[in-house]
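We use all heavy atoms of the structure for the numbers below, so side chains are in, but hydrogens, waters and symmetry mates are not. So that the names make sense, note that chain A is the first sequence line, chain B the second, and so on, each numbered from 1.
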Number of protein chains: 2
Amino acid sequence: MKLKEFAKQLGLSPTTVSRALSGYPEVSEVTRARVVQEAVRLGYRPNVNAVRLKTGRVGAIGVVMGRAGEFHFAEFMAGMAERLITEDTDILVIPMANPEYDAEMQLYRRLAESQRVDAIIVHSPRPNDQRIALLHELGMPFLVHGRSDIDVPHPWLDIDNEGAVRRATSHLIDLGHTRIAMINGREGATYALHRDIGYRSALQSHGIEVDPQLIANGNFTDELGFRFARSFLEQPKRPTAFVAGSMMTALGIYRAARSLGLQIGSDVSVIAHDDVFPYLTADNMVPSLSATRSSMRAAGTRCADLVLQLLAGRSPTEIHELWPVELILRESTGPVRTPRT
Amino acid sequence: MKLKEFAKQLGLSPTTVSRALSGYPEVSEVTRARVVQEAVRLGYRPNVNAVRLKTGRVGAIGVVMGRAGEFHFAEFMAGMAERLITEDTDILVIPMANPEYDAEMQLYRRLAESQRVDAIIVHSPRPNDQRIALLHELGMPFLVHGRSDIDVPHPWLDIDNEGAVRRATSHLIDLGHTRIAMINGREGATYALHRDIGYRSALQSHGIEVDPQLIANGNFTDELGFRFARSFLEQPKRPTAFVAGSMMTALGIYRAARSLGLQIGSDVSVIAHDDVFPYLTADNMVPSLSATRSSMRAAGTRCADLVLQLLAGRSPTEIHELWPVELILRESTGPVRTPRT
DNA sequence: GATGAAATTGAAATCGATTTGAGAAAATAT
DNA sequence: ATATTTTCTCAAATCGATTTCAATTTCATC
């Protein structure tokens with residue numbers, strides 16, 4: 001059913017029908033009511049592509065998905081979805097072929113120029129992230145989930161990674177720990193940098209020297225958590241505590257400790273970052289995991305919200321949200337016990 | 001840069017340019033080469049929405065995401081993305097507001113009629129799934145990831161859930177287990193039904209009676225795995241083995257067993273289904289987890305592929321792929337040991 | 001060199017909506 | 001009763017491509 005046809009059936013012009021449906025004020029309430037009602041009855045829906053062509057609005061927000069298929073991603077998207085359900089906006093997932101720099105920039109350029117999305121959400125930004133410069137230059141609305149140092153104004157939503165890790169580390173120090181290992185995310189992303197800063201600053205402000213031997217970077221997997229933790233714990237002067245970047249990493253650390261006959265919570269303390277997953281909770285681990293917590297899902301919801309505001313005309317320069325992170329202490333942290341060397 | 005403009009710069013008509021770029025044979029190779037080259041140089045890209053309006057093709061595949069935000073989802077999508085990278089097709093994620101039946105049907109109807117996607121992938125179908133009937137009736141191309149009994153021809157890709165669970169269960173029986181618990185997925189989906197059938201048929205063919213007290217259904221979470229396992233293990237005649245639906249469930253079972261001082265692999269055997277996640281592997285669990293394995297990511301890739309074939313004209317009725325599932329035995333399964341009651 | 005076939009090219013119609021600018025009808029003011 | 005404003009409606013232009021159909025050019029053949 002096309003507009004023309006539909007209008008004819010109603011004995012109205014396409015103009016009036018279009019206006020009635022899009023809520024323009026020039027059409028009388030009586031007419032509008034009739035049009036809306038008949039549209040439902042006859043099943044008329046404007047052709048999306050025609051609308052898009054004409055208005056230049058697409059009704060979609062783009063999210064680029066790396067190949068890694070990280071498990072946070074689904075939660076973030078579920079959060080976005082929660083907010084977008086009521087809007088007439090969908091989420092376009094754009095696969096990223098290879099994480100090479102040029103290809104990535106190319107992808108964002110194409111995406112911005114292709115007019116397939118109204119806005120883009122940029123994930124895991126780097127300190128000097130050229131994607132941001134590019135999108136800014138192209139005039140494509142975007143929101144950064146995370147932050148960047150880059151000298152270009154950009155709207156962002158981020159959690160206080162630095163503060164969270166500083167508090168976590170400080171807490172461990174307060175418990176008497178001095179050899180504290182840090183298993184961070186992949187090098188390069190700002191969030192990993194911020195966590196690193198938080199970690200170092202906590203140590204330094206307590207006069208503890210940073211030992212590079214106790215710092216590792218890598219994907220958030222159980223596997224790497226295990227490997228790093230294991231190699232750290234096998235050092236002659238092994239760490240008595242861990243700060244870790246994710247729940248999966250924590251699982252790996254637990255495993256490593258157990259494999260060496262070490263008790264989590266007494267021999268080894270662990271604090272990890274918890275993005276809050278419905279299927280795996282810190283509370284349920286044994287022993288329950290002390291964690292810095294911030295809901296990935298809530299972030300998704302809020303990001304979607306902010307993007308909508310952006311599209312509605314809110315100034316990008318005023319959108320900066322830094323979310324505090326809770327530190328929740330459970331059984332995986334305890335006072336230091338001198339390791340049996 | 002618009003087609004008209006671009007064509008003028010080249011001294012050609014829009015027609016020729018369009019043909020050159022879309023690879024029609026009527027244009028000379030010399031001209032085509034020039035057009036393509038100049039398009040790159042001047043940065044001309046056809047407006048997606050105009051193309052879509054004109055051709056009726058959207059260049060997007062729709063996937064409906066339930067609110068649960070299951071962790072499989074990201075893997076499946078990553079797999080799809082892998083295949084779609086080379087095509088000019090994206091993934092449209094449509095959030096599902098509430099899982100109520102009417103709303104769900106409404107959503108699919110709207111989606112099919114809105115012409116925002118070229119095809120839809122239906123997940124976790126039910127035995128008598130009206131979404132399938134609806135999409136078929138509306139003539140919207142779709143692929144079912146999973147299967148349905150419904151009396152409507154539909155293209156599908158599924159893994160052999162029944163066979164996998166039958167083998168897993170049979171193996172446990174061969175090891176001497178007779179009290180085998182089953183923690184299945186949520187009731188209603190065909191895959192859960194198939195697994196149930198596989199479980200029961202294995203028991204029955206060995207002359208073991210099915211005990212409803214040992215069967216549970218629910219989401220794939222660590223939490224539920226723990227709760228069900230715990231309650232089963234506290235029964236007077238506790239099970240000596242578990243068949244579980246997911247890695248998260250398995251984590252919960254491990255935890256429950258440990259909390260009761262039971263050894264996985266000797267006191268209690270476990271086989272779970274592994275969708276193959278990069279961040280959590282069965283091999284790395286302690287003890288390593290025996291699993292029925294099938295890659296969710298590979299399924300996503302293949303589903304994307306099949307949808308493309310569908311859109312290219314392949315007959316839906318001939319697309320039926322049943323993937324075998326590997327059974328990989330590791331340390332979590334062992335011969336039965338009479339429980340100390 | 002003329003002829004017909006094959007290879008190229010282009011003008012104009014089309015996809016299905018929105019929106020501008022103008023006209024008719026109704027309401028209000030003089 | 002007429003003039004003026006306000007409210008409602010519509011014809012036609014437009015968004016930016018694709019594609020049909022017709023025209024032109026090139027080429028091979030006689």
Side-chain angles (χ1 to χ4, degrees), chain A residues 1-40 42-60 88-89 110 112-118 311, chain B residues 1-40 42-60 88-89 110 112-118 311:
Chain A
M1 168 86 56
K2 309 172 188 180
L3 172 58
K4 219 165 148 185
E5 240 180 281
F6 177 58
K8 188 171 288 173
Q9 294 215 15
L10 291 185
L12 290 173
S13 77
T15 314
T16 307
V17 172
S18 170
R19 279 187 178 138
L21 292 177
S22 333
Y24 279 64
E26 298 97 328
V27 66
S28 76
E29 275 314 317
V30 180
T31 311
R32 182 194 316 282
R34 191 162 71 93
V35 171
V36 169
Q37 189 187 330
E38 289 293 283
V40 172
L42 297 174
Y44 168 74
R45 319 186 114 271
N47 177 298
V48 192
N49 293 322
V51 174
R52 288 174 176 175
L53 172 57
K54 184 60 197 170
T55 61
R57 277 236 166 170
V58 179
D88 205 14
T89 302
R110 280 219 329 251
E113 286 172 348
S114 72
Q115 311 198 43
R116 284 185 306 190
V117 294
D118 292 321
L311 292 175
Chain B
M1 168 83 59
K2 308 172 189 178
L3 172 59
K4 221 167 149 183
E5 240 179 281
F6 177 58
K8 190 173 288 172
Q9 294 216 15
L10 291 185
L12 289 173
S13 75
T15 314
T16 307
V17 172
S18 169
R19 279 184 181 141
L21 292 176
S22 338
Y24 278 65
E26 300 96 329
V27 67
S28 79
E29 274 315 316
V30 179
T31 312
R32 182 194 315 282
R34 191 163 70 94
V35 172
V36 169
Q37 189 187 330
E38 289 292 283
V40 172
L42 297 174
Y44 167 74
R45 318 191 112 271
N47 178 300
V48 192
N49 293 321
V51 174
R52 289 174 175 176
L53 171 56
K54 185 56 198 177
T55 62
R57 276 236 168 167
V58 180
D88 205 13
T89 303
R110 281 222 326 257
E113 285 172 350
S114 71
Q115 312 196 44
R116 284 185 306 187
V117 294
D118 291 321
L311 292 175

[X] has a side chain; which of [options] sits nearest to it?
X: B/E26; options: C/dG16, D/dA17, C/dT8; result: C/dT8
X: B/L53; options: C/dC15, D/dT9, D/dA17; result: C/dC15
X: A/N47; options: C/dA17, D/dT18, C/dT20; result: C/dA17

Can you check the [X] [atom1] to [N] [atom2] distance for me, whole Å?
X: A/F6; N: C/dG16; atom1: CZ; atom2: C1'; result: 14 Å
X: A/L3; N: C/dC15; atom1: CG; atom2: P; result: 13 Å
X: B/L12; N: D/dT25; atom1: CG; atom2: P; result: 15 Å
X: A/N49; N: C/dT14; atom1: CG; atom2: C1'; result: 15 Å
X: B/R116; N: C/dG16; atom1: CZ; atom2: C1'; result: 17 Å
X: B/K4; N: C/dG10; atom1: NZ; atom2: P; result: 15 Å
X: B/K8; N: D/dA17; atom1: NZ; atom2: P; result: 14 Å
X: A/R19; N: D/dC10; atom1: CZ; atom2: P; result: 10 Å

Looking at every strand, decide which applies to [X] at a 4.0 Å heavy-atom threshold: base, sugar-phosphate, or nothing.
X: A/Y44; answer: sugar-phosphate
X: B/R45; answer: sugar-phosphate
X: A/R32; answer: nothing
X: B/S28; answer: sugar-phosphate
X: B/R52; answer: nothing

message: Between B/S22 and A/S13, which residue's closest nucleotide on DNA chain D lies nearer the 5′ terminus?
response: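 Final value for this comparison: A/S13.
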
field: Which residue lies more 5' along DNA chain D, comparing B/T55 with A/T16 via nearest heavy atoms
entry: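 Of the two residues, A/T16 wins.
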
[atom1]-[atom2] distance between [X] and [Y], expressed to the nearest 0.5 angstrom:
X: B/N47; Y: B/L53; atom1: CG; atom2: CG; result: 10.0 Å
X: A/R45; Y: B/R116; atom1: CZ; atom2: CZ; result: 8.0 Å
X: A/D118; Y: A/R52; atom1: CG; atom2: CZ; result: 8.5 Å
X: A/L42; Y: A/Q37; atom1: CG; atom2: CD; result: 10.0 Å

task: Search all heavy atoms of B/V35 against all heavy atoms of B/F6 and return the closest pair with its distance.
output: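 Smallest heavy-atom distance, with atoms named: O-CZ, 3.8 Å.
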
Would you tell me if any nitrogen or oxygen in the side chain of [X] comes within less than 4.0 Å of OP1 or OP2 on [N]?
X: A/K2; N: C/dG16; result: yes
X: B/T31; N: C/dT9; result: yes
X: B/T15; N: D/dT19; result: no

- request: Mind checking salt bridge (charged side-chain N to carboxylate O under 4.0 Å, His left out) for A/R32 and listing every partner two or more places apart, or none if nothing turns up?
  value: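 Residues passing salt bridge (charged side-chain N to carboxylate O under 4.0 Å, His left out) with A/R32: A/E29.
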
